[in-house]
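To start, the structure under review is shown below, and the notes come after it.
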There are 2 protein chains.
Amino acid sequence: MSFLEKYLVKHNPSFESLQEFISNYQNTHMLIIFVSCKVFYTGRAKSTLSWGDHLIIRKKDGTLLIHGSNKREPINWQPPGSSLKSKCRRNLILISRRRHPKEEIKIVISKIYFAVAVDCREGKFQILGTENQMVQQVIAKPYLLEEGFTPLKREFQTPYGNIDLLGKDKKGTFVIVEFKRGKAQLSAVSQLKRYVEYLQKKHPVRGILVAPGITKSAEELIKKWGLEFKKWLSKAS
Amino acid sequence: MSFLEKYLVKHNPSFESLQEFISNYQNTHMLIIFVSCKVFYTGRAKSTLSWGDHLIIRKKDGTLLIHGSNKREPINWQPPGSSLKSKCRRNLILISRRRHPKEEIKIVISKIYFAVAVDCREGKFQILGTENQMVQQVIAKPYLLEEGFTPLKREFQTPYGNIDLLGKDKKGTFVIVEFKRGKAQLSAVSQLKRYVEYLQKKHPVRGILVAPGITKSAEELIKKWGLEFKKWLSKAS
DNA sequence: GCCTAGGTCCCGTTC
DNA sequence: GAACGGGGCCTAGGC
């Protein structure tokens, strides 16, 4: 591939030709390969994918994705850091391994439709609207939570888990604040309860769950457990 | 594309040519497009991806994936069911929308390296080693949990959440069993505690967490709360 | 390396 | 549609 080329396509390459292609480009390029194959995964779980057409993507960081004709999720995958080896037998076999945990994917390829190597230089990514930003807003403007609130510690660590935001209310009582960027569910309530149970062994403490909404059961549970829910208005800024 | 062809490649297509390509194939084929673009997402959160080379995958179920040069996760995406429209301006603009929640991705393309439409017929997928199978094993061989255990109800629903497995021990005391396929963490303990708190309002009850391992803090918490941990040996079958 | 918790989580299932 | 919980979750951040 010349210096100026962004990509290189091989149509219907032979097994040997694809092996060479992979070893030439796997460390510098993203590989996109469309094949007829079956796949075996073994590791934390175990799976088989029977013969079919699948799209294989291999990134230079070691990521391996095997996509089918639908769904956002790959059918099989290997995360960054995984190795890739190939063997040529009756079929072409690709094996990707990771160490921790020990996991392996074996792709048995009977037919290669095409393979592309691309030189991919991605842009910079920025995101807004995360939970972290809710916390930052409350730290900057504590009255958004309630009048008289004073933030003390972000990500306060306890043996029961890490508290999003610890503070005190206007009376000086400790307040544990748990933030959720989406509708709060039962698990958010137990999470908050867990922190409260820890701290209340030492001090009187209030627990407040901050979220744009809450499910019915979560709301009933939070009341039953003497905790508070504060609806978060995203335009509060 | 002829009946027998598995795929069709366009090299450096014009904007208009890609628009036609997309409208011809988006309902029947998976599209794989490598471009120089920037991306704007708005919906549950908001993000921007600045100019760079990115791989766009569009599946016929509406899934949209925008991949960069590393990581398993797409930089931006849209799940199945999303629409796709294109506009030709100074740049080529692709817009993908979903209704619930209302979310939009805008891809502004300045250069198209190549586009492929593939006819993808995926194989059948099977997986072993899930939590569900742990539960099935205990239902089939209750003594694997403990001598005298009797399973009563799988996925027993309560206002505090759904219990993996409800049963009775040899003394007739209710037992709530929570299974984890990996190492159990703090959240698993609070989850179990939540169910126990519900049921113990009505009956005496034990809570057992079953997993191949447990973190230090989770183990301390489970003891403190009077719950039990049962180590799961995967070869128990 | 372990552990905690978020995520535009996705996804299946159940009501 | 709402909600609950699993996932080979992945990923980031602490220690």
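Keep in mind the model is a prediction, meaning the values are calculated, not measured. Residue numbering restarts at 1 for every chain, and letters A, B, ... go by the order of the sequence lines.
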(message) Expected output is a numbered-order residue list: members of residues 44-64 of chain B with a heavy atom under 4.0 Å from any atom of DNA chain C. What is it?
(response) Arg44(B), Ala45(B)
(message) In whole Å, I'd like the distance from the CE atom of Met134(B) to the P atom of dG8(D).
(response) 14 Å
(request) Residues of residues 95-109 of chain A with any non-hydrogen atom less than 4.0 angstrom from an atom of DNA chain C: list those, numerically ordered, please. (result) His100(A)
(request) Report the relative orientation of the aromatic rings in Tyr160(A) and Tyr198(A); use parallel for angles under 30°, tilted for 30 to 60°, perpendicular for over 60°. (result) tilted
(message) Going by the rule salt bridge (charged side-chain N to carboxylate O under 4.0 Å, His left out), which residues pair with Glu220(B) if we only count those two or more places apart in sequence or in a different chain?
(response) none
(request) Identify, between Leu186(A) and Gly182(B), the residue whose nearest nucleotide on DNA chain D lies closer to the 5' end. (result) Leu186(A)
(request) Whole angstrom is fine here: how far is it from CD1 in Ile163(B) over to P in dG6(D)? (result) 13 Å
(message) Please give me every residue in residues 123-132 of chain B whose heavy atoms get under 4.0 Å of an atom in DNA chain C, ordered by residue number.
(response) none
(request) Return the set of residues passing salt bridge (charged side-chain N to carboxylate O under 4.0 Å, His left out) with Glu219(A) (not counting sequence neighbours), or none when no residue passes. (result) none
(request) On DNA chain C, check which nucleotide each of Gly43(B) and Pro80(B) is closest to and give me the residue with the more 5' one. (result) Gly43(B)
(request) Considering only atom P, compute the distance from dT11(D) to dC11(C) and round it to an integer number of Å. (result) 15 Å
(request) Could you list by number each residue of residues 217-231 of chain A showing a heavy-atom separation from DNA chain D of less than 4.0 Å, or answer none if no residue does? (result) Ser217(A)
(request) Decide whether Arg194(B) and Ser190(A) meet the rule of one side-chain donor and one side-chain acceptor closer than 3.5 Å. (result) yes
(request) Tell me yes or no: between the side chains of Gln185(B) and Thr215(B), is some donor less than 3.5 Å from an acceptor? (result) no
(request) Would you give the length of the straight line joining atom CD1 of Ile95(A) to atom OG of Ser83(A), rounded to the nearest 0.5 angstrom? (result) 9.0 Å
(message) If we count only N and O atoms by modelled type, under 3.5 Å, do the side chains of Gln191(A) and Lys180(A) hold a donor and an acceptor together?
(response) yes
(message) I'd like to know if Glu104(B) and Lys106(B) make a salt bridge, using a cut-off of under 4.0 Å between side-chain N and carboxylate O.
(response) no
(request) Would you kindly say whether Arg154(B) and Asn132(B) are connected by a side-chain donor-acceptor distance under 3.5 Å? (result) yes
(message) Looking at every heavy atom in both Ala117(B) and His29(B), which two are closest together, and how far apart are they?
(response) CB-CB, 4.1 Å
(request) In sequence, state the C-alpha distance, the side-chain angles, and the governing distance for Gln26(B) and Arg58(B), and then conclude on side-chain contact (heavy atoms from CB on, under 4.5 Å). (result) CA-CA 8 Å; Gln26(B) 70 161 315; Arg58(B) 153 83 188 194; 3.1 Å; yes
(message) Give me the distance, rounded to whole Å, that separates dG8(D) from dC4(D) when you measure between the P atoms they each carry.
(response) 22 Å
Which atoms of nucleotides 12-15 of chain D (N or O only) lie under 3.5 Å from a protein N or O atom, and what are those distances?
{"residue": "dA12(D)", "atom": "OP1", "partner": "Lys71(B)", "partner atom": "NZ", "Å": "3.3"}
{"residue": "dG14(D)", "atom": "O3'", "partner": "Gln157(A)", "partner atom": "NE2", "Å": "3.2"}

(request) Look at Lys71(B) together with Asp61(A) and state whether they make a salt bridge at an N to O cut-off of under 4.0 Å. (result) no
(request) Give the minimum heavy-atom separation between Asp164(A) and Val177(A), together with the two atoms involved. (result) CB-O, 3.2 Å
(request) Report the residue (Trp77(A) or Arg72(B)) whose heavy-atom-nearest nucleotide on DNA chain D is the more 5′ of the two. (result) Trp77(A)
(request) Sequence neighbours left out, what passes side chain to side chain contact (heavy atoms under 4.5 Å, CB included) with Lys230(A)? Give chain and number order. (result) Leu145(A), Ile208(A), Val210(A)
(message) If I take atom CG from residue Leu65(B) and atom CG from residue Leu55(A), how far apart are they, to the nearest 0.5 angstrom?
(response) 10.0 Å
(message) Testing the basics here: between His54(B) and Ile75(B), what is the closest heavy-atom pair and its distance to 0.1 Å?
(response) CD2-CD1, 4.0 Å
(request) Of all the heavy-atom pairs spanning Ala211(B) and Phe229(B), show the shortest one and how long it is. (result) O-CZ, 3.5 Å
(message) Could you check whether Glu131(B) pairs with Arg181(B) (Lys NZ or Arg NE/NH1/NH2 to Asp/Glu carboxylate O, under 4.0 Å)?
(response) no
(request) For Val175(A) and Phe149(A), run side-chain contact (heavy atoms from CB on, under 4.5 Å): C-alpha distance rounded to whole Å, both residues' side-chain angles, the deciding distance at 0.1 Å, then the answer. (result) CA-CA 8 Å; Val175(A) 179; Phe149(A) 176 72; 4.0 Å; yes
(request) Grab the CD-C1' distance between Glu73(B) and dG7(D) for me, whole Å please. (result) 12 Å
(message) For a 4.0 angstrom threshold against heavy atoms of chain B, report the outermost contacting nucleotides of DNA chain C in 5' to 3' order.
(response) dC3(C) to dC15(C)
(message) Can you list, in residue-number order, the parts of residues 188-197 of chain B that come under 4.0 Å of DNA chain D, counting heavy atoms only?
(response) Gln191(B), Arg194(B), Tyr195(B)
(message) Salt bridge check, Glu228(A) against Arg206(A): does any charged N sit closer than 4.0 Å to a carboxylate O?
(response) yes
(message) Can you work out whether Gln185(B) or Arg181(A) has the more 5'-proximal nearest nucleotide on DNA chain C?
(response) Gln185(B)
(request) Rounded to the nearest angstrom, tell me the gap between atom CG in Leu65(A) and atom C1' in dG8(D). (result) 14 Å
(message) Using OP1 and OP2 only, check whether a side-chain N or O of Ser187(A) sits under 4.0 Å from dC4(D).
(response) no
(request) Identify the two heavy atoms, one from Lys59(B) and one from Asn70(A), that lie closest to each other, and give their separation to 0.1 Å. (result) NZ-O, 3.2 Å
(request) Check DNA chain D for consecutive Watson-Crick or G-U pairs with both distances under 3.5 Å and list the runs of at least three as stems. (result) C:1-7 with D:9-15, C:9-15 with D:1-7
(message) With a 4.0 Å limit, can you tell me whether Lys183(A) has a side-chain N or O closer than that to the phosphate oxygens OP1/OP2 of dA3(D)?
(response) yes
(request) Round to the nearest Å and state the distance from His67(B) atom NE2 to dC10(D) atom C1'. (result) 12 Å
(message) Looking at every non-hydrogen atom in both residues, tell me the closest pair between Ala184(A) and Leu209(A) and how far apart they are.
(response) CB-CD2, 3.7 Å
(request) Look at all strands and tell whether Ile214(A) reaches a base, only sugar-phosphate, or nothing, counting heavy atoms closer than 4.0 Å. (result) nothing
(message) Check Arg72(A) with Glu73(B), please: is the shortest side-chain N to carboxylate O separation under 4.0 Å?
(response) yes
(request) Using atom CD of Glu178(B) as one end and atom P of dG5(D) as the other, report the distance to the nearest whole Å. (result) 8 Å
(request) Would you please name every residue forming a side-chain hydrogen bond (donor to acceptor under 3.5 Å, both in side chains) with Ser82(B), sequence neighbours left out? (result) none
